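Since this is a predicted model, take the numbers as computed values, not measurements. Lettering of chains follows the sequences in order, A, B, ..., and the numbering in each one begins at 1.
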Number of protein chains: 4
Amino acid sequence: MKRNKPKYHQIIDAAVVAIAENGYHQAQVAKIAKQAGVADGTIYLYFKNKEDILISLFQEKMGSFVEKIQQVLAGKTTAAEKLLLLVENHFAMLSEDRHLAVVTQLELRQSNKELRLKINEVLKGYLQLIDDVLKEGVEKGEFKASLNLLLARQMIFGTIDETVTTWVMNEQKYDLTALAPEVGDMLLNGFSIR
Amino acid sequence: MKRNKPKYHQIIDAAVVAIAENGYHQAQVAKIAKQAGVADGTIYLYFKNKEDILISLFQEKMGSFVEKIQQVLAGKTTAAEKLLLLVENHFAMLSEDRHLAVVTQLELRQSNKELRLKINEVLKGYLQLIDDVLKEGVEKGEFKASLNLLLARQMIFGTIDETVTTWVMNEQKYDLTALAPEVGDMLLNGFSIR
Amino acid sequence: MKRNKPKYHQIIDAAVVAIAENGYHQAQVAKIAKQAGVADGTIYLYFKNKEDILISLFQEKMGSFVEKIQQVLAGKTTAAEKLLLLVENHFAMLSEDRHLAVVTQLELRQSNKELRLKINEVLKGYLQLIDDVLKEGVEKGEFKASLNLLLARQMIFGTIDETVTTWVMNEQKYDLTALAPEVGDMLLNGFSIR
Amino acid sequence: MKRNKPKYHQIIDAAVVAIAENGYHQAQVAKIAKQAGVADGTIYLYFKNKEDILISLFQEKMGSFVEKIQQVLAGKTTAAEKLLLLVENHFAMLSEDRHLAVVTQLELRQSNKELRLKINEVLKGYLQLIDDVLKEGVEKGEFKASLNLLLARQMIFGTIDETVTTWVMNEQKYDLTALAPEVGDMLLNGFSIR
DNA sequence: AATGAATGAGATTTCATTCAT
DNA sequence: AATGAATGAAATCTCATTCAT
């Protein structure tokens with residue numbers, strides 16, 4: 001299993017740095033190899049092709065994130081609390097690795113449609129997690145019974161994503177994590193006064 | 001003024017079709033020219049370079065959209081109504097031109113950072129419009145006084161954008177415009193029961 | 001006869017200016033037309049193609065130069081005097097029209113081999129004139145009977161040409177005409193002390 | 001160091017042949033690569049761009065020529081002898097490589113001004129060598145004390161260059177090297193009888 | 001005679017991937 | 001397992017020339 005060898009992760013981390021520092025289109029395989037301290041050809045002992053590096057990158061980072069979130073949400077009782085924690089942890093994860101934030105929010109979006117479809121495939125685990133929280137909220141009577149779950153999930157993900165992207169485009173100048181409560185409140189209660 | 005000559009728009013429309021059908025990276029200038037029914041060189045009588053076609057495309061389409069929205073919102077009295085109309089019209093615009101929807105939601109995002117920065121410049125007019133609706137809602141007492149306007153705007157735009165993108169990725173199989181009321185309601189009132 | 005219409009010369013003079021100011025490869029037909037104050041297409045009513053402009057340019061300028069030199073040399077009695085006058089007038093002609101100097105010494109040399117062969121054709125009248133002076137010098141006993149006329153002509157032309165080119169490359173900073181006597185003396189007597 | 005790898009010289013020699021046989025503008029990188037027996041891309045492992053091939057070509061050929069001449073002149077005692085050897089070796093070098101003669105005398109002159117400025121930079125070493133011979137001649141009393149060194153150098157270089165160019169344009173039909181003594185004599189003693 | 005919009009051929013360079021060592 | 005030199009396909013843009021008006 002390539003996944004367990006040190007160079008596998010070495011190359012993925014090098015890709016994150018190379019892409020964050022040079023931009024998607026300027027992060028040639030040669031640059032990633034140099035950053036990883038291996039020869040160009042070595043890359044191909046661990047990855048099928050360049051696209052495979054990027055998908056693996058996303059899988060590794062997002063996969064461990066989904067696992068972490070699941071643990072965090074495990075003991076919590078209300079859907080509202082879970083939603084807030086989800087937003088908070090999403091923001092925290094990207095705040096902690098600023099290179100990764102640039103890569104996922106800006107650079108990887110420049111990849112072609114095909115790659116983005118595969119990335120969406122990876123995202124499904126995360127979206128499922130959101131779906132579960134929403135379903136639980138409806139079942140427990142916390143959320144409106146009439147809630148369109150698919151739309152609600154798109155609202156959650158769209159809001160989180162746009163918030164993070166804006167933060168990255170503003171060069172990560174402010175504290176992203178501090179925004180989580182406000183975002184959570186808006187998702188739960190909307191803009192209107194009651 | 002190039003902008004008033006018929007070939008200018010002819011080429012922009014050809015670009016939308018060529019990009020939607022072939023994908024961003026496979027929409028070579030030669031293909032756009034062929035689709036427009038002009039010679040390759042003719043493109044360069046109307047546009048500085050390929051990037052200029054794409055920026056102009058975005059400006060023309062988004063520019064006229066912002067104008068149209070402004071007219072639609074003009075006579076309306078409540079911020080809530082304006083917000084709903086905004087979502088509705090955004091969905092309607094892209095429902096009406098499915099090629100354009102593919103181009104803006106999927107293909108144009110593959111452009112390099114520089115082009116995307118210029119596109120963001122164009123978007124500012126639209127974001128300003130959203131800001132105005134939000135400000136009005138707060139001033140009139142419709143929306144919470146504590147509302148973080150920047151975050152609220154990101155929530156609106158992020159939700160709309162994610163909803164449209166999901167619809168496009170699902171090959172536009174359902175009626176996007178029909179979703180507007182539900183989206184509007186979620187933005188105004190959130191998920192929680194009252 | 002095109003040659004007698006005003007636009008013919010207007011275009012040639014525009015070509016000299018356009019080439020001197022923009023360089024050979026940046027002097028597009030469109031620029032020459034603009035400089036001449038005519039439409040691009042008009043050029044082709046007076047010249048077969050772009051090359052034809054350049055050959056005509058050379059013919060007009062060099063043709064009138066050969067005529068002028070012939071008049072100047074007409075009354076003179078010694079070959080030595082004629083040689084000096086030839087150098088002097090060559091230097092003077094290019095000193096008087098600095099645009100023309102740049103064009104003939106630097107820019108026109110970038111033309112392709114074919115054009116340069118045609119330019120050499122035009123030069124033949126001038127080279128013949130040099131040959132005549134040399135022949136006269138030998139016949140009259142002024143110059144060595146053993147003189148290789150062809151080589152001597154190459155020495156004269158090569159020396160003049162290199163001297164002018166160096167002057168142009170030094171941005172015409174010094175008085176070229178003033179160098180004529182020294183050049184004449186070196187051609188007649190060489191470097192060696194007697 | 002690229003300069004020491006065999007492919008570096010292989011490509012330069014291929015460029016000489018390709019340019020001599022096809023002409024400057026028809027010697028595309030693809031043709032040079034084919035002539036060198038390498039892939040197009042390989043060229044760019046050894047040269048920054050096409051211009052870099054041409055500059056390097058000139059540097060290699062002229063550089064080794066200057067070195068060779070310096071060795072040849074080393075033991076000689078009179079400036080006159082040195083001058084003759086210089087002409088002789090210059091003629092010999094180009095006689096020995098007829099492709100190179102075509103390239104330096106005809107084809108490379110079509111390059112743009114920028115490239116020619118760089119070529120002139122390379123030429124400076126050679127011109128310096130001529131200057132040294134002239135200075136020595138004056139100091140030793142062989143040459144006139146009144147000699148304008150700059151002009152004399154232009155006469156030497158101009159004469160050699162014009163002689164070689166004429167020979168190349170005449171398709172190298174006669175023995176160029178045989179002309180060296182006559183050229184040397186004309187430079188030293190001029191045309192006039194004594 | 002004059003215009004100028006339209007044409008379309010053609011070449012440099014990059015970079016993911018391979019494979020002999 | 002690791003290397004890195006070599007490969008070669010592919011696309012933007014320029015500009016001399018034409019021709020309908």
**Report entry** OP1 or OP2 of dT17(F) under 4.0 Å from side-chain N/O of Lys48(C)
**Finding:**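 False: Lys48(C) side-chain N/O out of range (4.0 Å or more) of dT17(F) OP1/OP2.
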**Report entry** Gln26(A) side chain near dC15(E) phosphate (N/O to OP1/OP2, under 4.0 Å)
**Finding:**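 For Gln26(A), the contact criterion (side-chain N or O under 4.0 Å from OP1 or OP2 of dC15(E)) is met.
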Which nucleotide wins on minimum distance to the side chain of [X], given the candidates [options]?
X: Val38(B); options: dT7(E), dA2(F), dT3(E); value: dT7(E)
X: Tyr46(A); options: dC15(E), dA1(E), dA2(F); value: dA2(F)
X: Gln28(A); options: dA2(F), dC15(F), dA16(E); value: dA16(E)
X: Val29(C); options: dA11(E), dA16(F), dT7(E); value: dA16(F)

Going from [atom1] on [X] to [atom2] on [Y], what distance comes out if it is rounded to the nearest 0.5 angstrom?
X: Phe58(C); Y: Leu100(C); atom1: CZ; atom2: CG; answer: 8.5 Å
X: Glu21(A); Y: Gln35(A); atom1: CD; atom2: CD; answer: 6.0 Å
X: Leu54(A); Y: Glu107(A); atom1: CG; atom2: CD; answer: 11.0 Å

Query raised in the report: Which residue lies toward the 5' end of DNA chain F, Asp40(C) or Ile43(A), if each is placed at its nearest nucleotide?
Result: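 Nearest nucleotide further toward 5': that of Ile43(A).
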**Report entry** First of Lys50(B) and Ala27(C) reached from the 5' end of DNA chain F, by closest nucleotide
**Finding:**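 Nearest-nucleotide comparison on DNA chain F picks Lys50(B).
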Nearest-angstrom distance from the residue atom [atom1] of [X] to [atom2] of [N]:
X: Tyr44(D); N: dA5(F); atom1: OH; atom2: C1'; result: 17 Å
X: Tyr8(A); N: dA1(F); atom1: OH; atom2: P; result: 15 Å
X: Asp52(C); N: dT17(F); atom1: CG; atom2: P; result: 10 Å
X: Phe47(D); N: dT13(E); atom1: CZ; atom2: P; result: 13 Å
X: Gln10(B); N: dA5(E); atom1: CD; atom2: C1'; result: 13 Å
X: Ile11(D); N: dT7(F); atom1: CD1; atom2: C1'; result: 13 Å
X: Lys34(A); N: dA5(F); atom1: NZ; atom2: P; result: 12 Å
X: His25(D); N: dG10(E); atom1: NE2; atom2: P; result: 16 Å

Report task. With a 3.5 angstrom cut-off on both distances, give the Watson-Crick or G-U wobble partner of dA5(E), or none if there isn't one. Result ->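 Base-paired to dT18(F).
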Report task. Would you mind pulling out the nucleotide paired to dC13(F), Watson-Crick or G-U wobble, both distances under 3.5 Å? Result ->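 Matched dC13(F) with dG10(E) under the 3.5 Å cut-off.
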Query raised in the report: Which is true for Lys31(A) with a 4.0 Å heavy-atom rule: it touches a base, it touches only sugar-phosphate, or it touches nothing?
Result: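 Nothing, no nucleic acid heavy atom in range.
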Query raised in the report: So what does Glu51(D) hit on the nucleic acid, given a heavy-atom distance under 4.0 Å: a base, only sugar-phosphate, or nothing?
Result: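 No contact at all - Glu51(D) keeps every heavy atom at 4.0 Å or more from the nucleic acid.
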Query raised in the report: Are Asp13(C) and Lys61(C) ion-paired here, with the side-chain N under 4.0 Å from a carboxylate O?
Result: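 Salt bridge present between Asp13(C) and Lys61(C).
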**Report entry** Along DNA chain E (nearest heavy atom to each residue), the more 5'-positioned of Leu45(C) and Ala30(D)
**Finding:**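 Nearest-nucleotide comparison on DNA chain E picks Leu45(C).
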Query raised in the report: Hey, is the main chain of Tyr46(B) close enough, under 3.5 Å, to the side chain of Lys7(B) for a donor-acceptor pair?
Result: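 Such a contact is absent between Lys7(B) side chain and Tyr46(B) backbone.
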Query - Side-chain donor/acceptor of Arg109(B) to backbone N/O of Thr104(B), under 3.5 Å - result: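 Flag set: sc Arg109(B) to bb Thr104(B) pair under 3.5 Å.
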